Number of protein chains: 2
Amino acid sequence: MNSVTRIPRPHPASMPPRTETRDRAAVTPTDRSHPAPRRVRMEEVARVAGVSPATVSRALKSPETVSERLRARVQEAAARLGYAPNRIAGSLAGARTPLVGVIVPSLTNSFFAATLDRMTTILEAEGYQLLIGQHAYDAAREERIATAFCSWNPSALVITGRDHTRGTVGLLSAAPCPVVEMWDHDDRPLDTGIGFSNREAGRLAGRYFAEQGFDKVAYVGAILGQDARARARSQGFAEQVRHLAGQDPLIADAKSRELGEGAAALRQILQRQPDTRAIAFSGDMLAVGAMFEAARMGLRIPQDLAILGYGDLDIAAHTNPPLSTIRPPHDEIGAAVARHILHRLAVPEAQSENVDLGVRLIRRLSA
Amino acid sequence: MNSVTRIPRPHPASMPPRTETRDRAAVTPTDRSHPAPRRVRMEEVARVAGVSPATVSRALKSPETVSERLRARVQEAAARLGYAPNRIAGSLAGARTPLVGVIVPSLTNSFFAATLDRMTTILEAEGYQLLIGQHAYDAAREERIATAFCSWNPSALVITGRDHTRGTVGLLSAAPCPVVEMWDHDDRPLDTGIGFSNREAGRLAGRYFAEQGFDKVAYVGAILGQDARARARSQGFAEQVRHLAGQDPLIADAKSRELGEGAAALRQILQRQPDTRAIAFSGDMLAVGAMFEAARMGLRIPQDLAILGYGDLDIAAHTNPPLSTIRPPHDEIGAAVARHILHRLAVPEAQSENVDLGVRLIRRLSA
DNA sequence: CTGTTAGCGCCTTCAT
DNA sequence: ATGAAGGCGCTAACAG
């Protein structure tokens, strides 16, 4: 059913070979057909407005330093010619680049998507563009991306977590711009850190189960080998259960964060520990998958089995019964990171900081 | 519970003011303390390796054009000094920028996230970086982002949909790089188009309901006023129902794409048309919300009411009963766009194309 | 195969 | 308040 239509109409497709347009004066016979689709530069605006390029630069970037008359003339000329400054050139000359590099493990993870959403919205409004890279929990790839980003001279660098290769650490420590490590709070940051303690999120779950008097409990993590944050949560949970209930919880490690794995984990846990009274999950989707499976098995929630999620996705409020869950500050992180960066850039003496945004237990009916 | 710790330790925070480092020879007394943390440049690599800067450039970018001996010397020197090329400078000189601008309506929409995921992965591997912008279905914001992206001289520009302001159209038509309009196939693209027909996706749903012999049917769209793609689907659905069943379907317009709205829409539809036999939703989450609500109301699915989703999210396969849905080619779009761009950039005579990736009906048990 | 040379387009002192 | 001039760091013709 797929169809492909070739479109033969000529289009200014790939960049014209350098030589064709290099010398604006000497147009060779061959490219007469192509009416030099060269982008308009500041020099032409200057010519049209009857001023010098320097004045154009000033009129556009700091209008208050230019007389009102010239400013108007320049702006009109720029508008008429459809002038758009070349930011590559501007960045080279200005030593500052309105670029912020952000590295996340995954773009499809809705937590990081929410963070990026807030960051772009806030930073775009101030004229910054985001360079976004994803490393899929691969530390070497993270280092490659960080290296690549550094070579763009960004105004700031944002990276997820505080656990990096030596190379990445060296790079970030030497970076001549603010560096923000977000989403974690368990270790000391290289520069600024904005996040929360995953360990504490896990502890919160363990403490809640203990308070409810659940004796046999379990925890379902996901790809614990890769995801240090998920690991920290499971450790916090185990620690607290051990401490308050005096026993080791059963810990399962799902192969992914998806629903199907939650269902599988539920079956596995009930097989290994039939009298399990409550299960905490490393992600709401796992929890929802387990709830669907529980429904199929005829288990009542929370009477037979209590279920606690993590994430507070939209769906959590709408399941049957509504899912109790732990809410990380996903969008707050994005907003706080963006604001911190703007502050650091605006106020040279601004200091780095280490912010714990905390987590909240959202109590609904499933646990 | 939130806490903020100020970290007083000195850090190379904001870019040093230009003047401090402008003249490398004349270091003023004030900044003696700061041991000129200037990034190493190609010139220094050249000096250390005992060659000219041009040779360093060649040894690093096209090693095959340099003698093995020098290549080794240069690479060693670069590694030892921790040299990272300045891409801003490289881009200015080279007239090509390894940047691809991508504009999507929303980063948190899992469809676009999947597309972006594939695009970054493929393009990053070839040395390109993605500039990502989101406009939240605001055409003026889309135009601002497009303008900003053009001023980075990107190697390619990718935009969602084929419905833009005149300004955006002008900009994209004049762009000296390949332009891809993705996710739609209903209109003619400006350059290359890669997507599918939303109208056809809607028709498919309508046709399926007609084939099943459902007489009273309804459609639940979401923010139809903003989302042209959702609108096209609802129109295709209505068109087909009218054509095959000879009647107008009930159309509801949800205020968002979230679960809660699906539940609300279900109640509203059953009130306005109590004998509704089947409902198609503009998004799986709406459909899942409606299924949860149906369960609360004691309605059996599909016996009392058939439900069809759109999106084929992970969750669709795991609901009770599993959700039948229409699957758009979200990740295929990302892969196809990335490959098209690489092809266009590699083969100067490559043409633009108009690709319909099609949709599929995934039949499970809910309809 | 290698070095020399001349910019890429803009910003920013400096002088007027 | 405005213009002239130099340079940001690198690439790409060209000559050797």
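Just so it is clear: chains get the letters A, B, ... in the order the sequence lines come, proteins before strands, and each one is counted from 1. If you're wondering where the values come from, they're calculated on a predicted model, not measured in any experiment.
Between S155(A) and T97(A), the shortest heavy-atom contact is OG-O, 2.5 Å. Minimum interatomic distance between P189(A) and N354(A) (heavy atoms only, all atoms of both residues): CD-ND2, 3.6 Å.
Scored by the side chain to side chain donor-acceptor pair (under 3.5 Å) test, Q134(A) finds D117(B), T120(B), T121(B) as partners (sequence neighbours excluded). Shown here are the side chain to side chain contact (heavy atoms under 4.5 Å, CB included) partners of A140(A), two or more places apart in sequence or in another chain: D138(A), R144(A). Under the rule for a ring-ring contact (aromatic ring centres under 6.0 Å, His included), F149(B) has no partner lying at least two apart in sequence or in another chain. With sequence neighbours left out, A89(B) forms a side chain to side chain contact (heavy atoms under 4.5 Å, CB included) with L92(A), N86(B). By the side chain to side chain contact (heavy atoms under 4.5 Å, CB included) test, P85(B) is found to be paired with Y83(B), residues two or more places apart in sequence or in another chain being considered.
Considering only side-chain N and O atoms, T55(A) lies under 4.0 angstrom from the phosphate OP1 or OP2 of dG3(D). The side chain of S52(B) places no N or O atom within less than 4.0 Å of a non-bridging phosphate oxygen (OP1 or OP2) of dT2(C).
Residue pairs meeting the salt bridge (Lys or Arg N to Asp or Glu O under 4.0 Å) criterion with at least one partner in residues 53-64 of chain A, sequence neighbours excluded, are absent. Within the structure, every pair that satisfies the salt bridge (Lys or Arg N to Asp or Glu O under 4.0 Å) test and touches residues 123-133 of chain A, not counting sequence neighbours, is listed here: E124(A)-R141(B). Residue pairs that meet the salt bridge (Lys or Arg N to Asp or Glu O under 4.0 Å) test with at least one member in residues 152-166 of chain B, sequence neighbours left out, do not exist here. Each salt bridge (Lys or Arg N to Asp or Glu O under 4.0 Å) pair with one or both residues in residues 68-84 of chain B, not counting sequence neighbours, appears once here: E76(B)-R80(B).
In this entry the distance linking CG of N153(A) with P of dG9(D) reads 9 Å, nearest Å. A straight line from CE of M42(A) to P of dC10(C) spans 5 Å, rounded to a whole angstrom. When rounded to the nearest whole Å, the span between CD of E43(A) and C1' of dA4(D) equals 14 Å. Rounded to a whole Å, the CZ atom of R47(A) is 13 Å from the P atom of dG9(C). Rounded to whole angstrom, the span from the CZ atom of R96(B) across to the C1' atom of dG7(C) amounts to 20 Å. For the pair R39(A) CZ and dG9(C) C1', the computed distance is 10 Å after rounding to whole Å. As a whole-Å value, the separation of R41(B) CZ from dT11(D) P is 14 Å. The interatomic distance linking E44(B) (CD) with dC10(D) (C1') rounds to 14 Å, in whole Å.
Taking the C1' atoms of five terminal pairs at each end of the helix from dC1(C)-dG16(D) to dT16(C)-dA1(D), the two resulting helix axes are inclined by 30°, rounded to 10°.
The stretch residues 76-89 of chain B does not touch DNA chain C, since none of its heavy atoms comes less than 4.0 Å from the strand. Near DNA chain D, meaning a heavy atom under 4.0 Å from it, residues 58-74 of chain B has R58(B), K61(B) in order of number.
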